[in-house]
Amino acid sequence: MEQTFIMIKPDGVQRGLVGEIISRFEKKGFTLAGLKFITVDRPFAEKHYEDLSAKPFFNGLVEYIISGPVVAMVWQGKNVVTTGRKIIGATNPAESAPGTIRGDFAIEIGRNVIHGSDAVESARKEIALWFPDGPVSWRSSLN
Ligand code: CMP
């Protein structure tokens, strides 16, 4: 089954949008396949956004992503990559339609609340980067 990587960025966490965002994906019918609450360091953020390293906003983007904890998730279901991007809305909140996450909750492109993989192949790479031990953590005992 198709999977995508979804990250609630530090502004989404700080603004208390975690429940709202998870709810939108659940209500659509997608399945949560992995979740972690995590603060990443600069090299990790640079790796995640390596395709954008030549962009003038790259350093600011990395600063933003490492500024606080994020919620990293794997969501699963039919066409979840494309449909997930529709639920999220256009990258620039000025262009994202009302009813989408960014359309409803964001104004600035540099504080756009959420990230979603743009293709099946990038989803595969991003899931491998963020969940190197698999999407579900296991713990066998308390000792
Ligand atoms: P995301 O979906 O995480 O993919 C790349 C990110 O780069 C994007 O969301 C924005 O957070 C950021 N971004 C893209 N364009 C700009 C821009 N012009 N200025 C600042 N940040 C940008």
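Both counts, for ligands and for their atoms, begin at 1 and track the order of listing. Hydrogens, waters and symmetry mates are skipped; everything else that's a heavy atom, side chains included, is used.
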Between [options], flag the one that comes closest to [atom] by a heavy atom.
{"atom": "atom 9 (O) of ligand 1", "options": "E108, H115, R111, K9", "result": "K9"}
{"atom": "atom 8 (C) of ligand 1", "options": "T91, L61, I65", "result": "T91"}
{"atom": "atom 21 (N) of ligand 1", "options": "Y64, F58, F57", "result": "F57"}

- Query: Who's the nearest protein heavy-atom neighbour of atom 3 (O) of ligand 1, and how far?
  - Reply: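 Nearest neighbour among protein heavy atoms for atom 3 (O) of ligand 1, to 0.1 Å: Y49 OH, 2.6 Å.
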
- Item | Geometric cation-pi criterion K36 and F131, 6.0 Å radius, 45° cone |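 Yes, a cation-pi geometry holds between K36 and F131.
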
- Item | Y64 six-ring face occupied by R111 cation (under 6.0 Å, within 45°) |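 Yes, a cation-pi geometry.
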
- Number the atoms of ligand 1 from 1 as they appear, then name those within less than 4.0 Å of a heavy atom of R102, with their elements. 1 (P), 2 (O), 9 (O)

- Item | Stepwise ring pair (Phe, Tyr, Trp, His ring centres under 6.0 Å) test for W75 and F5 | CA-CA 7 Å; W75 284 91; F5 173 72; over 10 Å; no

Heavy-atom contacts under 4.0 Å between [X] and ligand 1: side chain, backbone, both, or neither?
{"X": "L52", "result": "side chain"}
{"X": "N112", "result": "side chain"}
{"X": "H48", "result": "neither"}

Atom pairs and distances, donor-acceptor, side-chain atoms in residues 20-32, under 3.5 Å, two or more places apart:
| residue | atom | partner | partner atom | Å |
| --- | --- | --- | --- | --- |
| E20 | OE2 | R24 | NE | 2.8 |
| E20 | OE2 | R24 | NH2 | 3.2 |
| S23 | OG | K27 | NZ | 3.3 |
| R24 | NH1 | G99 | O | 3.2 |
| R24 | NH1 | D104 | OD2 | 3.2 |
| R24 | NH2 | D104 | OD2 | 2.9 |

- Query: Looking at residues at least two apart in the chain, or sitting in another chain, which of them share a salt bridge (charged side-chain N to carboxylate O under 4.0 Å, His left out) with R42?
  - Reply: E63

- May I ask you to test the W130-M73 pair for a side-chain heavy-atom distance under 4.5 Å? no

